[in-house]
Participant: 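This structure is in C-alpha cells; I'll ask about it shortly.
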2 protein chains.
Amino acid sequence: MSQIFKEHLQKFISVSDEEFEQILRYFKIIRVSKKEILQHEGKICRHQYFVLTGCLRKYLLNEKGIEVTTEFALETWWISENRAFEFQTESLFSIQAVENSEILTIDFQSMEKLYADFPIMERYFRFVYQRAFAAYQMRIKFLYTMSKEDYFFHFYDLYPEFVQRVPQYLLASFLGLTPEYLSELRRKKRS
Amino acid sequence: MSQIFKEHLQKFISVSDEEFEQILRYFKIIRVSKKEILQHEGKICRHQYFVLTGCLRKYLLNEKGIEVTTEFALETWWISENRAFEFQTESLFSIQAVENSEILTIDFQSMEKLYADFPIMERYFRFVYQRAFAAYQMRIKFLYTMSKEDYFFHFYDLYPEFVQRVPQYLLASFLGLTPEYLSELRRKKRS
DNA sequence: CGGATCGTTGATCAACTTCAACGGTCGTGG
DNA sequence: CCACGACCGTTGAAGTTGATCAACGATCCG
C-alpha cells in the first residue's frame with residue numbers, strides 16, 4: 001500500500017529504499033469507511049492526509065446550513081486545511097471520506113521532525129504545494145471566465161470517470177451550482 | 001531595496017548576511033512603470049516576480065475580449081503563472097504593473113541552480129507556496145459561500161486601503177463582478 | 001483645451017436559484 | 001429476502017441576483 005506513496009515521492013525526489021523506510025515511520029496508514037469524518041470544522045487541524053486508495057472531500061456549512069464541497073482528493077492527492085494546519089488552529093473545513101479509503105496521515109510534530117531530519121522532504125512538499133497552488137489558479141481562471149454551464153461541460157469532458165464516481169449532489173456543490181441545475185445541464189448534454 | 005526581500009526571507013529561514021549576498025546574485029532587480037507588461041499571455045513563462053514596492057496584477061482575456069484580473073501582488077508577494085513556469089510553457093495569463101514598481105525577478109535556470117546550491121531555499125519556497133495555496137483555498141471558500149454583495153463588503157472591510165489604491169474596474173474584475181454592479185454596491189454601502 | 005478613460009445611473013434581460021412535488025433506488029432492520 | 005423509509009435525481013414554475021447596454025458627467029493627461 002505504501003508503494004503508492006513511494007512512487008509519488010520518487011516522481012519528485014530520489015530516495016533509496018532504506019531512506020523511504022525511515023521516512024515512512026513519520027506517517028501512519030489508516031482505513032476509513034465511507035462517510036467517516038477525519039477532520040471536524042471548528043476543531044484543531046492536526047493532520048494532513050494523503051489518499052492511497054479511495055476518495056476524500058473537504059466541505060463546510062454555508063449560512064443556510066447546507067454543505068458546500070470545495071475540494072476532492074483522489075489517489076495520490078494530499079488534502080488538508082493548510083492554513084489551520086500551519087498555525088495549528090481550528091479548521092474552517094471538515095474532511096470526510098466519500099468512499100472507503102486508505103489514507104496516509106501525518107501530524108504536525110512529525111511533520112516538523114520530518115523536515116528537520118530529511119530536508120529533502122522540503123523539496124517534495126515544495127512541489128506538492130506548488131502544484132496544488134497552480135491547480136487552484138487554474139480553477140480560479142475557469143470560475144472567472146466560464147459560465148456554470150460551460151464549466152460543467154468542460155469538467156465533464158475532462159474527467160468523465162470522476163463524474164460517474166461521485167454522487168451528483170456532491171459534484172454539483174463542488175462545481176458551485178445546485179443539484180437541480182446540474183440535472184438540467186445533464187439533460188441538455190444528452191439531447 | 002533588496003532589504004525588503006531579506007526581511008521576507010528571514011521570516012521563514014535563517015540566512016547570514018554573506019549567504020544573503022550570494023543568494024541575491026541569482027535574482028535581478030528591475031523597475032517597471034505603470035501599465036508595463038512583464039509577461040504576455042501565450043508567451044513562454046520565464047520568470048517569477050517578487051514585488052519590492054508597487055503593485056502587479058495577473059489577468060487574461062475572456063471569450064468576449066474583456067480583461068479578467070485574477071490576482072494582485074503587493075509588496076512582499078510573489079506572482080507568476082506557476083504551472084507555465086514549472087513546465088516552461090506558454091503562460092495562460094499576462095502580468096502587468098498596476099503602479100510604478102520595483103521588482104525582484106528570477107528565471108527558470110537560476111531558480112534550478114539556486115535550489116541546487118542553496119537547499120534552504122526549498123524550505124523558503126515551500127512556505128511561500130504553502131501560504132499562497134492556503135490563501136487560494138480561503139478565496140474559494142468565500143466565492144462558494146458568499147453572494148457577490150457580501151464578498152465585496154467583506155473585502156472592503158478587510159482591505160480598505162487596497163480598495164482605495166487600485167482603479168475600481170480592476171477591483172471589480174478581481175472580485176468577479178462588473179464595474180456597474182460594484183458601483184451600485186458602493187452606493188449601497190454609503191447610504 | 002480636447003479626447004479618452006473611468007465611474008455612475010437606470011432599464012432591460014439572462015443565468016441560475018429556490019421551492020415543491022414525484023418516482024426510483026439503495027440499504028437497513030425485521 | 002423482503003418491506004419500508006430515507007435519500008437522491010429529476011421536473012417545472014416562479015423568483016432573484018447580477019449582467020448587459022446605453023447614455024451622461026467627471027476627471028485625468030497630453
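Within every chain, numbering begins at 1; the chains are lettered A, B, ... in the order of the sequence lines, protein sequences first and strands thereafter.
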Participant: Could you check how far CG of A/Leu185 sits from P of D/dG9, rounded to whole Å?
Facilitator: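 Value for this atom pair: 15 Å.
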
Participant: Whole-Å distance between C/dG7 C1' and B/Arg187 CZ?
Facilitator: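 In whole Å, C/dG7 C1' and B/Arg187 CZ are 12 Å from each other.
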
Participant: Any base atoms under 4.0 Å from A/Lys64, or only sugar-phosphate, or nothing? Heavy atoms, all strands.
Facilitator: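 Sugar-phosphate contact only.
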
Participant: For nucleotides 14-16 of chain C, tabulate all protein N/O to nucleotide N/O atom pairs closer than 3.5 Å, reporting atom names and distance.
Facilitator:
from, atom 1, to, atom 2, distance (Å)
C/dC16, OP1, A/Lys148, N, 2.8
C/dC16, OP2, A/Tyr181, OH, 2.9

Participant: Could you list the residues that satisfy side-chain hydrogen bond (donor to acceptor under 3.5 Å, both in side chains) with B/Ser14, not counting sequence neighbours?
Facilitator: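 For B/Ser14 there are no side-chain hydrogen bond (donor to acceptor under 3.5 Å, both in side chains) partners, ignoring immediate neighbours.
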
Participant: State which residues pass side-chain hydrogen bond (donor to acceptor under 3.5 Å, both in side chains) with B/Lys6; sequence neighbours excluded, sorted by chain then number.
Facilitator: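 If we apply the side-chain hydrogen bond (donor to acceptor under 3.5 Å, both in side chains) test to B/Lys6, skipping adjacent residues, the hits are B/Asp17.
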
Participant: What orientation do A/Tyr129 and B/Phe133 show, parallel under 30°, tilted 30 to 60°, or perpendicular over 60°?
Facilitator: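 Plane angle between 30° and 60°, so tilted.
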
Participant: Please state whether the rings of A/Tyr124 and A/His8 are parallel, tilted or perpendicular, taking 30° and 60° as the class boundaries.
Facilitator: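 Perpendicular, since the angle between the ring planes exceeds 60°.
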
Participant: Looking at B/Trp77 versus B/Phe72, is the centre-to-centre ring distance below 6.0 Å?
Facilitator: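 No, too far apart.
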
Participant: Step by step, would you call A/Phe27 with A/Phe5 a ring-ring contact (aromatic ring centres under 6.0 Å, His included)?
Facilitator: CA-CA 11 Å; A/Phe27 299 86; A/Phe5 180 49; 5.1 Å; yes

Participant: Checking side chain to side chain donor-acceptor pair (under 3.5 Å) against A/Thr69, which of A/Lys58, A/Gln96, A/Arg57 comes through?
Facilitator: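 Running side chain to side chain donor-acceptor pair (under 3.5 Å) over A/Lys58, A/Gln96, A/Arg57 with A/Thr69 returns exactly one hit, A/Arg57.
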
Participant: To the nearest angstrom, how far is A/Tyr144 atom OH from D/dA19 atom P?
Facilitator: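 Rounded to the whole Å, the gap is 12 Å.
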
Participant: Just one of A/Trp78, A/Phe125, A/Tyr26 clears the ring pair (Phe, Tyr, Trp, His ring centres under 6.0 Å) bar with A/Phe50, so which one?
Facilitator: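 Going through A/Trp78, A/Phe125, A/Tyr26 one by one, the ring pair (Phe, Tyr, Trp, His ring centres under 6.0 Å) with A/Phe50 is satisfied by A/Trp78 alone.
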
Participant: Would you list the protein and nucleotides 24-28 of chain D atom pairs, both N or O, that sit under 3.5 Å from each other?
Facilitator:
none

Participant: D/dA22 P sits how many Å from B/Glu180 CD, rounded?
Facilitator: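 In whole Å, D/dA22 P lies 12 Å from B/Glu180 CD.
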
Participant: When the distance from CG of B/Leu182 to C1' of D/dT17 is rounded to whole Å, what number comes out?
Facilitator: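 Result: 15 Å.
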
Participant: Without swapping roles, check the side chain of A/Ser101 against the backbone of A/Cys55 for a donor-acceptor pair under 3.5 Å.
Facilitator: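 At least one qualifying donor-acceptor pair exists.
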
Participant: Exactly one of A/Glu81, A/His40, A/Glu41, A/Arg46 should register a side-chain contact (heavy atoms from CB on, under 4.5 Å) with A/Ser91. Which one does?
Facilitator: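 Result: among A/Glu81, A/His40, A/Glu41, A/Arg46, A/Glu81 is the only option passing the side-chain contact (heavy atoms from CB on, under 4.5 Å) with A/Ser91.
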
Participant: Rounding to a whole Å, what distance do you find between A/Arg186:CZ and D/dT10:C1'?
Facilitator: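 Taking atom C1' of D/dT10 as the reference, CZ of A/Arg186 is at 11 Å.
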
Participant: What is the distance from NZ of A/Lys34 to P of C/dC26, rounded to the nearest Å?
Facilitator: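 Answer to the nearest Å: 10 Å.
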
Participant: Parallel, tilted or perpendicular: which describes the rings of A/Phe85 and A/Phe108, with under 30° parallel and over 60° perpendicular?
Facilitator: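 Aromatic pair A/Phe85/A/Phe108 classed perpendicular.
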
Participant: Is there a donor-acceptor contact under 3.5 Å from the side chain of B/Glu19 to the main chain of B/Ser16?
Facilitator: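 A pair under 3.5 Å: yes.
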
Participant: Axis-to-axis angle across the helix from C/dC1-D/dG30 to C/dG30-D/dC1, five pairs an end, to 10 degrees?
Facilitator: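 The angle separating the two end axes equals 60°.
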
Participant: What residues in residues 152-174 of chain A put a non-hydrogen atom under 4.0 Å from any atom of DNA chain C?
Facilitator: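 Nothing qualifies; none.
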
Participant: Answer yes or no: does atom CZ of B/Arg165 have more than 12 heavy-atom neighbours from other residues, nucleotides or ligands under 6.0 Å?
Facilitator: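 Counting neighbours around CZ of B/Arg165, more than 12 heavy atoms of other residues, nucleotides or ligands fall under 6.0 Å, so yes.
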
